[in-house]
Amino acid sequence: MYGTQDSRRSMGNEYHAQIINYRPSIHTRRANLTVKFQDLYSFTVEGNVDDVNVLNEVREKVRQQGKVWWALEASKGANWYLHTHVSSTLKASLKLSALANAITLKRLIRKGIPPVLRPKIWFALSGAAKKKSTVPDSYYDDLIKATEGMATAATKQIDQDLPRTFPGHPWLDTTEGHAALRRVLVGYSFRDSYVGYCQGLNYVAALLLLVMKTEEEAFWMLAVLLEDVLVHDCYTNNLSGCHVEQRVFKDLLVQKCPGIAAHLEELEFDASLVATEWFLCLFSKSLPSETTLRVWDVLFYEGAKVLFHVALAIFKMKEDELLLAHQVGDVINILQKTTHHMFDPDELLTVAFDKIGSMTTNTISKQRKKQEPAVMAELDQRFRRLNSIKKEQEE
């Protein structure tokens with residue numbers, strides 16, 4: 001489908017039409033006033049003229065990058081990126097074409113997947129397509145029909161969170177948008193009752209809906225995220241996996257940014273105050289949507305270690321300001337202002353992967369195993385304490 005010249009030209013034109021070059025008036029430039037506009041995914045963005053210029057430059061880079069993707073499809077075939085798995089056997093057999101494809105793909109993804117190709121690439125490379133293929137074609141429709149009208153603790157929380165999910169968005173914050181998001185979240189809460197529903201998943205699923213276009217594909221992307229990409233137990237009732245991730249992140253902050261970590265310790269600032277939301281919402285509530293999706297491009301291909309790279313990069317990029325902060329509130333303000341105006345994903349990802357240093361999945365896994373016993377002991381102690389308090393109140 002994507003291999004013909006006409007189809008590539010059509011997709012290229014479709015993407016080019018999405019690139020809106022926002023040109024502030026001369027009065028705005030002179031006054032350096034705050035401007036509002038919609039991004040590619042219809043979120044209202046607020047920033048200054050410099051932010052607008054950065055967005056235009058980034059979009060032009062992605063447009064140029066799109067030409068590379070079209071050229072590769074023309075020369076290697078429409079699904080060339082599916083043949084990039086590099087096993088030890090493959091290396092031994094010296095099949096350099098697959099190795100070259102893998103290296104090329106990794107570089108391409110870090111530079112950004114063109115928006116019009118994003119649904120197709122994500123669905124294939126994340127494992128969502130493979131996961132979907134293991135069940136009947138009617139699985140999602142059957143699941144939605146079977147759970148219609150059923151009420152659980154998860155569905156009640158979902159209903160409360162729907163109007164809080166990106167309020168003001170022209171589609172998500174509508175009856176139709178709420179209904180679609182509800183079906184995806186409720187459907188998954190029944191697919192995996194152990195996870196059910198956790199606040200934060202509403203933002204993730206909402207953004208998946210905007211990218212994937214169909215509920216069913218958004219559902220499978222959510223499934224592959226929770227079941228394969230992210231750490232186990234991240235979204236369960238006690239958030240044990242998330243607590244472990246935060247411990248690992250604090251350790252990495254000490255290793256990768258020792259000056260910042262020491263200063264924050266002096267201020268008695270707990271990095272999880274900001275990082276917990278980053279990890280639970282996968283940056284969707286913190287970064288501009290176009291930057292978030294560039295992070296997700298890499299996340300779906302390289303795995304959960306990407307979250308650590310990006311979180312550390314945010315601290316690293318504001319090291320000078322953070323070292324001058326004298327109060328916890330100042331630190332939070334610096335980080336929130338930084339993330340909300342981080343319109344250049346290239347700068348963020350360059351720091352994340354070139355200046356933070358290598359972190360292998362295996363290394364992070366070892367750190368998780370190291371932290372798990374302490375986290376589980378603390379959660380168990382907290383649970384016992386709460387039960388004790390509850391019994392005293394009942395008596």
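- Proximity of a side-chain donor or acceptor of D297 to a complementary backbone N or O of G112 within less than 3.5 Å is not detected.
- With a 6.0 Å radius and a threshold of 12 heavy atoms from other residues, nucleotides or ligands, E265 has its CD atom at or below the threshold.
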Report the C-alpha distance between K67 and E60 in whole Å, list the side-chain angles of each, state the deciding distance to 0.1 Å, and finish with yes or no for salt bridge (charged side-chain N to carboxylate O under 4.0 Å, His left out). CA-CA 11 Å; K67 295 179 180 178; E60 177 57 25; over 6 Å; no
Verify salt bridge (charged side-chain N to carboxylate O under 4.0 Å, His left out) between K131 and D228, making sure each step is shown before the conclusion. CA-CA 10 Å; K131 188 176 287 290; D228 301 314; 3.0 Å; yes
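- With Y197 as reference, D161 is the one residue of D161, T155, D192 to meet the side-chain hydrogen bond (donor to acceptor under 3.5 Å, both in side chains) rule.
- Looking at heavy atoms from C-beta onward, L72 lies out of side-chain contact with Y81 at the 4.5 angstrom threshold.
- Applying the side-chain hydrogen bond (donor to acceptor under 3.5 Å, both in side chains) definition to pairs two or more places apart or across chains, those involving residues 333-356 are R294-D346.
- Between the OG1 atom in T291 and the CG atom in L349 there is a gap of 8.5 Å [rounded to 0.5 Å].
- Comment: E372 does not engage K369 in a salt bridge, judged by the lack of any side-chain N to carboxylate O separation of less than 4.0 angstrom.
- A donor-acceptor pair shorter than 3.5 Å can be found between the side chains of N202 and T165.
- Note: M359 CE to K305 NZ = 8.0 Å, rounded to the nearest 0.5 Å.
- A salt bridge between R110 and E302 is present, with a side-chain N of the basic residue lying under 4.0 Å from a carboxylate O of the acidic one.
- The distance from atom CZ of R247 to atom OG of S272, rounded to the nearest 0.5 Å, is 9.0 Å.
- In this structure, H309 contributes its side chain and I356 its backbone to no donor-acceptor pair below 3.5 Å.
- Side-chain atoms of Q246 and D270 include no donor-acceptor pair closer than 3.5 Å.
- You'll find the side chain of S284 reaches within 4.5 Å of the side chain of W296, heavy atoms only.
- Rounding to the nearest 0.5 angstrom, the gap separating the CG atom in L207 from the CG atom in L181 is 11.0 Å.
- In this structure, the side chain of H263 engages the main chain of A325 through a donor-acceptor pair within 3.5 Å.
- T174 places a side-chain N or O within donor-acceptor distance of the main-chain N or O of G177, the cut-off being under 3.5 Å.
- Residues L348 and L287 are in side-chain contact: their nearest non-hydrogen atoms beyond the backbone lie under 4.5 Å apart.
- Heavy-atom contacts from other residues, nucleotides or ligands closer than 6.0 Å to CG of D142 number more than 12.
- Between V186 and I158, some side-chain heavy-atom pair lies under the 4.5 Å cut-off.
- Within the 4.5 Å cutoff, the side chain of L117 has heavy atoms near those of the W69 side chain.
- Grouping the Ile, Leu, Val, Met, Phe, Trp and Tyr side chains by contacts below 4.5 angstrom, directly or via other members, places V331 apart from V254.
- By the 4.0 Å N-to-carboxylate-O rule, K132 lies too far from E217 to be salt-bridged with it.
- Side chain to side chain, T292 and S289 fail the donor-acceptor criterion of an N or O pair below 3.5 Å.
- Without hydrogens or angle criteria, S286 side chain to F283 main chain gives no donor-acceptor distance under 3.5 Å.
- Using the six-membered ring where Trp is involved, W122 and F300 have ring planes that are tilted, between 30° and 60° apart.
- Using a cut-off of 4.0 Å between Lys/Arg side-chain N and Asp/Glu carboxylate O, K250 and E245 are scored as not salt-bridged.
- Considering only heavy atoms from C-beta on, L208 stays 4.5 Å or farther from F219 through its side chain.
- Two residues are said to be in side-chain contact when any heavy atoms from C-beta on lie closer than 4.5 Å; C242 and L280 meet this criterion.
- Y140 and R191 form no side-chain donor-acceptor contact under 3.5 Å, judged by distance and modelled atom types alone.
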F315 vs V274, test: side-chain contact (heavy atoms from CB on, under 4.5 Å). Steps then yes/no. CA-CA 11 Å; F315 277 88; V274 293; 4.1 Å; yes
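- Side-chain contact check for Q371 and Q367: no donor-acceptor pair (N or O, by modelled atom type) lies under 3.5 Å.
- R384 and D380 are joined by a salt bridge, as a carboxylate oxygen and a charged side-chain nitrogen come within less than 4.0 angstrom of each other.
- Residues L225 and V231 are members of separate hydrophobic clusters, defined by side-chain heavy-atom contacts under 4.5 angstrom among Ile, Leu, Val, Met, Phe, Trp and Tyr.
- Applying the ring-ring contact (aromatic ring centres under 6.0 Å, His included) test to pairs two or more places apart or on separate chains, those with a residue in residues 152-179 are F43-F166, F43-H169, F166-Y203.
- Under 3.5 Å, the side chains of Y188 and E227 contain a donor-acceptor pair of N or O atoms.
- Atoms CZ and CZ, on F343 and R59 in that order, are 9.5 Å from each other to the nearest 0.5 Å.
- Under the 4.5 Å side-chain criterion, counting only non-hydrogen atoms from C-beta, M342 is in contact with M317.
- Ion pair R183/E148 not flagged as a salt bridge, since none of the NZ, NE, NH1 or NH2 atoms sits closer than 4.0 Å to an Asp/Glu carboxylate oxygen.
- Between the side chain of D173 and the main chain of G168, a donor-acceptor pair closer than 3.5 Å is present.
- If you take CZ on R182 and CD1 on I144, they are separated by 9.5 Å, rounding to the nearest 0.5 Å.
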